[in-house]
Amino acid sequence: MGGHMICAAEVQMSNLLNEMPGLTAFVRTVEAGSFSAAARDLATTPSAVSKSVARLEKKIGARLFLRSTRALTLTQDGQLFFDRVAPLLRDLDESEEAIRSDVAPSGRLRISMPSEMAPLLLPRLFGRFAADYPNLHLEVGLTDRFVDLIREDYDVALRVGNPAPGDLMVRHLADLPMAIVGSPAFLKTWGNPATAEALAALPFARYALGGITQPLRLPDGTSFIPFGRVDCDSAAALIQAALSGLGAAYLLRCLVAKDLADGTLVTLAAGFAFPSAPFNALHAFGRTVPLRVKLVCDFIAHEAKPSKPSEHLGLFTIQARRSRASSG
């Protein structure tokens, strides 16, 4: 049945060219996972997307989706049709982008990012990126929680750490070095651990999410839950606790670069090569990413490249140097 339907569709391709709204709605729905996500991508309503797909199904004489209140599943015919049609639409998108590459992007770009990363990211985003694309309207939301991209109408979310399994598309931007830091007084009292056992014996200002203390991962893949009397759900609080001598803190090195340079914090367990934290961009646009989202991801990924082999992250290294220079 599926093969017959596809052959019939190929014969009627000239007629299908008149069904571009339905074809686009169908492909975006498959890629985004729902009518609602596709509607967001296409700047329309879920009802309009559903009706466009229904008209396409009537045109080709085959059901493309199995619909229920909880799920939207491709039929066998739908999968065959998607495999044929999706590459054609992507080629059209790429052709238009190539032709219009000299046309400045415009419209709204809504970004979510962790508040701790804002001082490192926003100077570049509001500086060079905003200057390069003056027709883009930038909306930035600062929050440490995981936003619902579709429901809260975000184009892209920048997040540190491994994303939870789901339907979102993930683009890896950089790897961020981790560090364990403490105050000079803390180092004098507790010493500098040289073994995993000595490290586990240190009191920590612990990172806790939803009341669950996060483990500290060691270079050999093992981990342990640190002990301590301060639990925090943000890097800013961890840093302040470490500055106050209440414990060691395990966090992104870029966030304490200035404190390390000033000597208000010192690196502990420097002999350990802790795993880096992935820095990702997440979006709900499926495989067809809007140009505005691609541009901001390309920009941040490029800025994050180290300018020298010895540097871990160019964007954040430069920020640390600037802070040190301004303080001197």
Side-chain angles (χ1 to χ4, degrees), residues 114-117 120 144-146 159-165 170 172-280 304 306 308-314 316-317 319-320 323-324:
S115 57
E116 281 89 359
M117 302 295 287
L120 307 176
D144 297 323
R145 66 180 177 83
F146 289 96
R159 286 292 176 265
V160 177
N162 294 309
V170 180
H172 180 257
L173 301 176
D175 289 309
L176 307 184
M178 302 293 294
I180 295 180
V181 299
S183 68
F186 182 88
L187 173 62
K188 185 177 180 179
T189 300
W190 290 91
N192 203 340
T195 66
E197 292 75 14
L199 182 61
L202 287 183
F204 274 78
R206 309 186 305 175
Y207 184 47
L209 289 175
I212 300 175
T213 303
Q214 300 302 299
L216 192 154
R217 304 194 182 281
L218 298 173
D220 62 3
T222 62
S223 64
F224 67 90
I225 301 296
F227 83 93
R229 64 189 184 96
V230 178
D231 289 346
C232 309
D233 66 357
S234 72
L238 289 175
I239 293 170
Q240 190 57 55
L243 288 168
S244 301
L246 295 177
Y250 177 62
L251 34 65
L252 297 174
R253 177 173 287 276
C254 60
L255 299 181
V256 291
K258 183 178 184 300
D259 298 291
L260 292 173
D262 292 344
T264 53
L265 289 176
V266 295
T267 301
L268 303 176
F272 289 78
F274 295 104
S276 296
F279 181 44
N280 300 314
K308 297 179 182 178
S310 60
E311 292 179 350
H312 293 289
L313 200 64
F316 304 130
T317 302
Q319 177 69 20
S323 300
R324 184 164 65 247

If you compare all heavy atoms of [X] against all heavy atoms of [Y], which two are closest, and at what distance to 0.1 Å?
X: Pro193; Y: Leu202; result: CG-CD1, 3.7 Å
X: Ala242; Y: Ala249; result: CB-CB, 4.0 Å
X: Thr222; Y: Asp220; result: OG1-OD1, 2.5 Å
X: His172; Y: Asn280; result: CA-OD1, 3.3 Å
X: Pro177; Y: Ser276; result: CA-OG, 3.9 Å
X: Val160; Y: Ala277; result: CG1-CB, 3.7 Å

Any side-chain heavy-atom pair from Leu255 and Leu120 closer than 4.5 angstrom?
->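 Answer yes - side chains close enough.
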Stepwise side-chain contact (heavy atoms from CB on, under 4.5 Å) test for Met117 and Leu176 | CA-CA 12 Å; Met117 302 295 287; Leu176 307 184; 4.0 Å; yes
Quick check against the 3.5 Å criterion: does [X] have a side-chain atom that pairs as donor or acceptor with the backbone of [Y]?
X: Asn192; Y: Ala269; answer: yes
X: Arg206; Y: Pro226; answer: yes
X: Arg159; Y: Pro278; answer: no

Kindly determine whether Leu268 and Trp190 satisfy side-chain contact (heavy atoms from CB on, under 4.5 Å), including the steps that lead there.
-> CA-CA 10 Å; Leu268 303 176; Trp190 290 91; over 6 Å; no
Value rounded to 0.5 Å, distance of [atom1] in [X] from [atom2] in [Y]:
X: Phe224; Y: Leu218; atom1: CZ; atom2: CG; result: 5.5 Å
X: Ser234; Y: Leu209; atom1: OG; atom2: CG; result: 10.0 Å
X: Phe204; Y: Thr213; atom1: CZ; atom2: OG1; result: 12.5 Å
X: Asp231; Y: Ile212; atom1: CG; atom2: CD1; result: 12.0 Å
X: Asp233; Y: Arg145; atom1: CG; atom2: CZ; result: 13.0 Å
X: Ile239; Y: Glu116; atom1: CD1; atom2: CD; result: 7.0 Å

Leu199 vs Ile180, side-chain contact (heavy atoms from CB on, under 4.5 Å): CA-CA, chis, key distance, verdict = CA-CA 10 Å; Leu199 182 61; Ile180 295 180; 3.5 Å; yes
Heavy atoms of other groups near Phe274 CZ, more than 12 under 6.0 Å =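 Correct, the count exceeds 12.
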CA sep, side-chain torsions, deciding dist, call: Leu251, Tyr207, side-chain contact (heavy atoms from CB on, under 4.5 Å) | CA-CA 9 Å; Leu251 34 65; Tyr207 184 47; over 6 Å; no
